[in-house]
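Report on one structure; see the data block that follows.
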Amino acid sequence: MSPEDQRSSLRRTVSLSSLVMLSVVGVVAYFIYSGKVDMGDPVRMDASVEQTVDYEQDRGPALSAEVTIVNDSDETLTVQSETQCKIFQWFLLDMDGALIEAQLPDSNCADVPATNFIEPHHKMTDKFTLELDRRRVQPGDYVLFMRYWGYEGRQQVTIE
């Protein structure tokens with residue numbers, strides 16, 4: 001085989017290899033972006049937040065937060081908090097990132113460590129009521145940051 005034939009064969013091989021790699025990358029990207037393959041962490045925190053109480057003369061609005069830790073792993077998950085007071089924490093920011101309100105310490109909270117376990121492919125859900133100060137929170141859009149058993153999440157909320 002002449003040197004020119006070898007170069008031509010090498011070009012075809014490189015072109016074919018490039019086409020195959022591009023096809024593989026395209027297929028993988030399709031499955032990831034279409035949601036058919038979840039590349040995320042097998043343990044996650046999900047939350048849904050809704051306004052349950054409107055403004056009243058003597059109190060502000062209240063939010064109901066349903067928070068879930070999902071353990072999609074094959075092992076039991078141990079979650080720990082240094083105190084029972086820190087199992088669920090939150091703070092509220094406006095859309096510009098300014099702190100509007102944060103959770104006040106609970107004086108009735110036991111200052112003892114807390115531990116819980118979530119079996120493989122199970123979840124743990126709690127519901128919390130967040131009573132907001134009407135002097136600080138006005139109708140509008142906000143971002144609620146939450147920490148539940150050390151897992152963090154945020155959700156945009158609209159106060160009416």
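Because the structure is predicted, anything quoted here is derived from the model rather than measured.
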Across all chains, not counting sequence neighbours, the side chain to side chain donor-acceptor pair (under 3.5 Å) partners of Ser8 are Arg12

The reported gap from OG in Ser81 to CD in Gln89 (rounded to nearest 0.5 angstrom) is 7.0 Å

### Query
Step by step, would you call Trp149 with Met45 a side chain to side chain contact (heavy atoms under 4.5 Å, CB included)?
CA-CA 9 Å; Trp149 288 103; Met45 184 188 97; over 6 Å; no

With Val49 as partner, the option from Val67, Leu144, Thr158 fulfilling side-chain contact (heavy atoms from CB on, under 4.5 Å) is Leu144

Residues passing the side chain to side chain donor-acceptor pair (under 3.5 Å) test with Ser64, sequence neighbours excluded, are none

Residue set satisfying salt bridge (charged side-chain N to carboxylate O under 4.0 Å, His left out) with Arg11, at least two apart, ordered chain then number -> none

To the nearest 0.5 Å, atom OG1 of Thr125 lies from atom CD of Glu66 at 6.0 Å

Open item on the list: With a 4.0 Å cut-off on N to O distance, would you call Glu101 and Arg136 a salt bridge?
Closed with: no

Side chain to side chain donor-acceptor pair (under 3.5 Å) filter on Asp94, not counting sequence neighbours, yields none

- Query: Which class fits the ring pair Phe88 and Tyr148: parallel under 30°, tilted 30 to 60°, perpendicular over 60°?
  - Reply: perpendicular

Atom CD of Gln6 with >12 non-hydrogen neighbours under 6.0 angstrom:
yes

Rounding to 0.5 Å, atoms CD1 (Ile118) and CG (Leu77) come to a distance of 5.0 Å

So CG of Asn71 and OG1 of Thr76: to nearest 0.5 Å the spacing works out to 7.5 Å

Apart from Leu93 itself, its cluster of hydrophobic side chains linked below 4.5 Å comprises Phe91, Met95, Leu99, Val143, Phe145

Is there a path of hydrophobic side-chain contacts, each under 4.5 Å between heavy atoms of I/L/V/M/F/W/Y residues, joining Val70 to Val79?
no

dist Cys85:SG -> Gln103:CD (nearest 0.5 Å) comes out at 9.0 Å

The reported gap from CD in Glu160 to CD in Gln51 (rounded to nearest 0.5 angstrom) is 5.5 Å

Indicate yes or no: does Arg44 engage Asp72 in a salt bridge with an N to O separation below 4.0 Å.
-> yes

So the salt bridge (Lys or Arg N to Asp or Glu O under 4.0 Å) pairs with at least one residue in residues 74-84 (sequence neighbours excluded) are Glu82-Lys86

